[in-house]
Visitor: 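So that we are looking at the same thing, I have put the structure below in structure tokens.
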Amino acid sequence: LEEPILFELDNPGACGVDLDEPEEFAPRLGNFARAGRIGLPSVSEPEVVRHFVRLSSKNYSIDAGLYPLGSCTMKHNPRLNEKMARLPGLGDVHPLQPVKTVQGALELMHELSHWLKELTGMPAVALSPKAGAHGELCGMMAIRAALIARGEDETRSRVLVPESAHGTNPATAALLGYKVDAIPATKEGRVDLEAFKAKLGPDVAAIMLTNPNTCGLFERDIIDIADAVHEAGAYFYCDGANFNAIVGRVRPGDLGVDAMHINLHKTFSTPHGGGGPGAGPVVFSEALAPFAPLPYVVHDKDGFRLVETEGDAKADGTNPFGRMVAFHGQMGMFVRALAYMMSHGSDGLRQVAEDAVLNANYVLASLKEDFSAPFEGPCMHEALFDDRFLKGTGVETLDFAKAMIDEGYHPMTMYFPLVVHGAMLIEPTETESKQSVDLFIATMKDLARAAKSNDKDRFTGAPYMAPRRRLDETGAARKPVLRWAPPAPKQAAE
Amino acid sequence: LEEPILFELDNPGACGVDLDEPEEFAPRLGNFARAGRIGLPSVSEPEVVRHFVRLSSKNYSIDAGLYPLGSCTMKHNPRLNEKMARLPGLGDVHPLQPVKTVQGALELMHELSHWLKELTGMPAVALSPKAGAHGELCGMMAIRAALIARGEDETRSRVLVPESAHGTNPATAALLGYKVDAIPATKEGRVDLEAFKAKLGPDVAAIMLTNPNTCGLFERDIIDIADAVHEAGAYFYCDGANFNAIVGRVRPGDLGVDAMHINLHKTFSTPHGGGGPGAGPVVFSEALAPFAPLPYVVHDKDGFRLVETEGDAKADGTNPFGRMVAFHGQMGMFVRALAYMMSHGSDGLRQVAEDAVLNANYVLASLKEDFSAPFEGPCMHEALFDDRFLKGTGVETLDFAKAMIDEGYHPMTMYFPLVVHGAMLIEPTETESKQSVDLFIATMKDLARAAKSNDKDRFTGAPYMAPRRRLDETGAARKPVLRWAPPAPKQAAE
Amino acid sequence: MRYLPLTENDRREMLGVIGAKSVDELFRDVPERARREGLVDLPRRQGELEVERMLGRMAAKNTPAASVPFFVGAGAYRHHVPAAVDHLIQRSEFLTSYTPYQPEITQGTLQYLFEFQTQVAMITGMEVANASMYDGATGCGEAVLMAHRVTKRRKAVLSGTLHPQYAAVVQNLSDFADYELEVMPPALPGQAEDILAHIHDDISCVVVQTPGFFGELHDLRPIAEAAHAKGALLIAVVPEILSLGAVTPPGEMGADIVVGEGQSIGNGLNFGGPYVGLFATREKYMRQMPGRLCGETVDADGNRGFVLTLSTREQHIRREKATSNICTNSGLCCLAFTIHMSLLGEEGYKRLARINHAAAVKLAERLAKVPGVEILNQAFFNEFTMRLPKPAAEVVDALVDKGVIGGLPASRLLPGVAEVEDLLIVASTEINTEADRAAYEAALKEVL
Amino acid sequence: MRYLPLTENDRREMLGVIGAKSVDELFRDVPERARREGLVDLPRRQGELEVERMLGRMAAKNTPAASVPFFVGAGAYRHHVPAAVDHLIQRSEFLTSYTPYQPEITQGTLQYLFEFQTQVAMITGMEVANASMYDGATGCGEAVLMAHRVTKRRKAVLSGTLHPQYAAVVQNLSDFADYELEVMPPALPGQAEDILAHIHDDISCVVVQTPGFFGELHDLRPIAEAAHAKGALLIAVVPEILSLGAVTPPGEMGADIVVGEGQSIGNGLNFGGPYVGLFATREKYMRQMPGRLCGETVDADGNRGFVLTLSTREQHIRREKATSNICTNSGLCCLAFTIHMSLLGEEGYKRLARINHAAAVKLAERLAKVPGVEILNQAFFNEFTMRLPKPAAEVVDALVDKGVIGGLPASRLLPGVAEVEDLLIVASTEINTEADRAAYEAALKEVL
């Protein structure tokens, strides 16, 4: 069934709300009263509900099936978290209402900070960044602020980023004016320690490293890297996107990390929501802690208070680099993440990492004969394959991914990381059962065999069974249509 | 994708809740400690959530599309009602907690009663019946109680029920020991007034009449019928299943009704929930009011109180016939229904009846050429067709209904009422837009034409596109399998 | 109006197609003097915000169970319901679907009903169960009618263990259906009820509740034996279904029909409804069961599927010859039950029962120390009865003023029965904390 | 643990397949001295009930806006959100779906993004909009960067009408990205801001907020003219997007980029986040926009469909050459916005705006009568500023003790600025009743 665009449901006279016209009053809009029609459609509540219910049925979701997007960590989203975020005492408070009326909200932020600091072994945290990439920006700003304080901002202009990094890493460094210098990978999928050391120098501001890295591997030399970075007078930014692989077992603070953001959705199960909202708190080492941005929460004998201006910070003895957000960050996500942490506890969170790694290795071990794994040894939370096993079949990684859709699965992450050809990055997460993973493995093996036995059409034409066949992305980009427009001649839309 | 039965997901060791074993204590279960395994499956929360989300996707629902079940009244269920029913002050109160701690709950019941009495023009209401059929029982019990009080219980043993009645009517009368006597219908689909009068007599306890009737027609002679019933010393029970057709425009009290149940889901939009829970309050005339069952709410200078025992009732001067339910009825449904009533108000409720009738007549007028309508004139809230238009096509009403599934629609009610052959009873309800009804009409016409042009397989094999093809109901009844049992030999279920 | 999609323009166009001048014309079959021209005397339409305010104002006048130390049971129990339950039952596909008469497009509903039936049969220790009744009390009434059908007798005996409001419901149904009933006096814990003496050749069934109204656990075995010896059935009533996680199920003690109130699992208090009645029996009586049944079958392609079955028992087919007049079940409440029970699983269900039992035992031990208080029960699950040195109704009232909702005075449901005047029935579940118990103890000391 | 499906038995079997003796072996790449053997020093796992209690205890220490007469705005507004909104955004298919990188199975998300973009473009009076930013403030920062890209200049001018925390965000970004910025002093209502004098050849843009931080509506036309004359862009910031239901949109006053905070529509206060940034511009600047864009296209069968498009601007493709480092948008918040806006429609959106304006006007009229109070605004929407006879922070504090949350003292965000010390910024929306206004007036009289 085709679902019209909302605007095509327009039926002037219908309305999805009942609002009484205000009693007569003397408007005080000055010369700014809006004139003319905006163009918004008129639709009743039953039609609106049905429209969005029908749209929803065109989406794949973690609640419907395994969602093996490597690096994206699609795990179960507990409904308890949703319920907690909707408590009036947490959801219905204003960021600027008097501090004495939000003591519980500040306590919650303080408690979340405590958990994040304990889990990472780092002494400070900035909660405010609105997403992972925003957290990266925050971390790198703190690094630059520290360099400014040391008077080395002018001289340190280079940031080292491995080839396998998330695109946000170089984008963030570039935004701050840094020159991005790529570190090559070894054939084992890790930072080439020698090449890295060779790139170090007095002009290096920082290294940005993901660990576990985007190949799903733990950087064995991480402590040596950290030591070398510090010796060179630079800072170690760790992309914490994959923190879920080690939470409770390894503390970034013990590895020498100076700043790391944490994607609350990946590690602590806040919902992805079709692309957000995220939340990207950043933990800091002693060296960077004083530069953590405004605002932050302090607990003293008078209760909880917000340090939200430079004046407050001065009184508090810190030296914040500035402000990332208007208010205090993604409170709604803080509630959910804390509910998740409290539910698991120290024991459950350690189990999270273990089960995530176990599930990924089980996939790796089960598929490595039919697929081709570029690197040796156990992986962490995600299993990486390349497209060598498809050689000569005429099937490419993209085709393979689309064929998975017809089997009822969301494709894995593909063509990332860039360091292997036709990459397929599979992250089952810790919330998949063995029964579920077994079924997935069987399906993947079946597909691999089909690809190798010349069943090419099954792949290149896929998907066949989805709400849509392959979409013309090139056409979309060439002549972008970014909004609905009424049909040109005056006639009813259908 | 096939979804296993819950029990097939059993994985001992997994669990969907985290509960701490209680501290040591001395049990006081006597000799009644349960021993042995119950057989319940062990499943984690992510798997449970996914199981039920997947099951849900196999259901049709009003939120997904038009649901034209005549007599069942599948209308929009506002989410405001769900939200209100979950207010802790309404959802989290115990039926037996002290009356002074539930004054608002009693006020709500009192307010709902007020609305129901005003809308029906009747002086009393019993809220407690748990569903429509339970309300019928309640109404008929009140009638019998009145007859007992008059000393006529022995002599009045017959209840008149039209042929077209809902099955619950004769079943209810029979449960109370009444002899059910069927009244024939005229060729206009209404009670045959003369035949009816001929059946009246001193042994008649009551007539049970649906109005608007199950053919979707208003009983034109209703006032004459009521007068004749009363003259014969009997009572008039009205099945209020179709009250949604006249709410705000016609008050049953003005028609001479003595008792009528109201299906809160049909008229006041409480959700059907896959078959319940319902709620069937009953309104009473002056004659029956004193016999209304326990409990009921009284408002006096000390606030609201519950009359819940015979002693209370005596003090209150009433003579309740007994008690239908353990507590006070379907409070959760009361909240939803009152939210719906308040939202519409007196003006909106009148509009409900008008739009329901308008939509049904629009369907009737639009389809009457391609279909066959057994009766003349405008209908009320539902349009009735018979199967004459299918004559000679080899397609029966059932086949036609199943073919609708492939077009994305839930079938209409079929083979009911029994008074027309191969009945198709279509109720669009007032919450369908014209755009939606137009699309439905076009589909129905298309199907009718297909049936007439020998496209028989499209019907007799239907549905083709549903989660299941036609199911073997005969086999199911012959050897009923009412519960899951583990596979006989010890092997893993899939 | 936000819920009504038709516009004035639509209405005009549609009347044109119909060939009517006005909507009034469509109501022409209504006798003229019954046609109301104006609006009924009720408020006009209101927006969401206003409706929320009006209902919110009423809600604010009640004391929610979660807001105070809370100890009322007596057939409805406050348990913690996992968030997933309420989320899932609100999915459009479950909430806004009708009775699954079209099985091809309602397999979701049908499969969970099948799962529900299996769960109910398992926990009650019975062979088959139906797809739910309105609630425990009405289920109890239906069970008595069923026993009459099975035995072709017309008299039932109700034990004094039965909840007085359940007994009233059965009594009412029995009276109007012209059956006989013998209702025993309240069976206080510690006093043996001589029910065996009332089991004769002419009775169809004996109805016993366990845990009983006063919280006491009762042995059904001798009663079952006696009943069976006289050709009668034993109907066991379980008002707190969680108890079966810890207590021997009636099915293992010889019950022929088990009726339960399923509210405790997955469903909130809701001031008494909607709840969900559980109804289980032996396979041999299957075709005499009231209510809906879901059965397994196959579709035209041979795939496993589910349908409503044995509907020849039901009113929409059998009309006046139906086994009962019931039309709806408690669909959404059984879904809540099924989901919560799925989350609990074998171990969770049993453990939650142990936690409840422990909470009640701890409370009983605490309160027993309050001077003047006597705990009457020998064996109980999560509810017990105490004798107080003064009328229990007064004590409960005084406790409310101390911020504790302390239980149900037996006299509220058994007015005028002198020996229960001082009895307070107290329930404790996993929601009660040590602090709740301490608060209760302290308040009780003060008011006694 | 309830969220972890693997059992000990599963783990053993899986390790067997992997060929590892223990899970520890899988962590062998971790340097030995970084491996933690024991548990971190945090509490153990907790059941749902316990987590609800712990978080509920924190929640209970806050004063929810709905529980008192509430008048704080300043960039976040408490509006009534229809129940359907929160219901729909919680559907699994929306809530637990990822970024729609696989358009074939995410048309649900993509289509609502397309609808969202259209709505945003329409209400701002612009040509195109993106699929949302984190929030208004970060969107404002991105707008300045975009203006730099478009004009190839490096300096921006921020009007004193801009919310101080927005200005701080822009300042921070600008500082670290090594751009120049001129920040004007607070623009009090009734005092003309001489911004035209600051528009020179070297600036890329001027950023003006309307309604301004003090609630005043500002005329953008002369500023747009002046900016365009110098080759600069006008960035208009709309912190209360509902205002555009009543007020001339920036697009009609010459704005080149409009940034808005969309929280007011469909989203709760949430103590500051998550919110949803709106970002609209002229079609000619489309390819310079930051953030995600959804575009219409066709599939292999020729059916209409939607995809994320122009992603060559984005970091995952362009890496260090991307237009911004943004990776996520505010998906679920834009869905809430889109649904609420769909329910409102043309008439509802405009009427709700009128109701808000009326509420604010009525409040201003009432409070103006309180001795010592002066309303500073000439033209405002639902928020205005009053001058009090003493420091506003003290007054707000005293009002809290009277049960009224009276607004934002300007000094909280502008500490040390003498001329704002006595200014109180007050917002009023449809949630405020006549009783709220009366309570405010009475309390204010008492505390002044």
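Chain letters run A, B, ... following the sequence lines, proteins first, then strands; residues in each count from 1.
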Visitor: Check each atom of C:Leu4 against the heavy atoms of chain A and say whether the ones under 4.5 Å are side chain, backbone, both or neither.
Guide: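 Interface part for C:Leu4: backbone (N, CA, C, O).
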
Visitor: Measuring heavy-atom distances to chain A, does C:Val51 have an atom under 4.5 Å in its side chain, in its backbone, in both, or in neither?
Guide: neither

Visitor: Could you tell me which residues satisfy salt bridge (Lys or Arg N to Asp or Glu O under 4.0 Å) with C:Glu25, sequence neighbours excluded, listed by chain and number?
Guide: C:Arg28

Visitor: Between A:Pro78 and chain C, with a heavy-atom cut-off of 4.5 Å, which part of the residue counts as in contact: side chain, backbone, both or neither?
Guide: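 No part of A:Pro78 comes within 4.5 Å of chain C.
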
Visitor: Between these two chains, chain C and chain A, I want each donor-acceptor atom pair under 3.5 angstrom written on its own line with its distance.
Guide:
residue : atom : partner : partner atom : Å
C:Arg2  : N    : A:Asp18 : OD1          : 3.4
C:Arg2  : N    : A:Asp18 : OD2          : 3.0
C:Arg2  : O    : A:Glu45 : N            : 2.8
C:Arg2  : NH1  : A:Asp18 : OD2          : 2.8
C:Asp10 : OD2  : A:Asn11 : ND2          : 2.8
C:His87 : NE2  : A:Arg79 : NE           : 3.2
C:His87 : NE2  : A:Arg79 : NH2          : 3.2

Visitor: Using heavy-atom distances under 4.5 Å, tell me whether A:Val53 contacts chain C through its side chain, its backbone, both, or neither.
Guide: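 Contact with chain C involves the side chain of A:Val53 alone.
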
Visitor: Would you say CG of C:Asp41 has more than 12 non-hydrogen atoms from neighbouring residues, nucleotides or ligands within 6.0 angstrom?
Guide: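 At most 12 heavy atoms, drawn from other residues, nucleotides or ligands, come within 6.0 Å of this atom.
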
Visitor: Considering residues at least two apart in sequence or located in another chain, which fulfil the ring pair (Phe, Tyr, Trp, His ring centres under 6.0 Å) criterion with A:Phe52?
Guide: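 With sequence neighbours excluded, A:Phe52 shows a ring pair (Phe, Tyr, Trp, His ring centres under 6.0 Å) to no residue whatsoever.
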
Visitor: Which residues pass the side-chain contact (heavy atoms from CB on, under 4.5 Å) test with C:Cys294, not counting sequence neighbours?
Guide: C:Leu110, C:Leu113, C:Phe114, C:Gln117, C:Phe306

Visitor: Where on A:Leu19 is there a heavy atom nearer than 4.5 Å to chain C: the side chain, the backbone, both, or neither?
Guide: neither

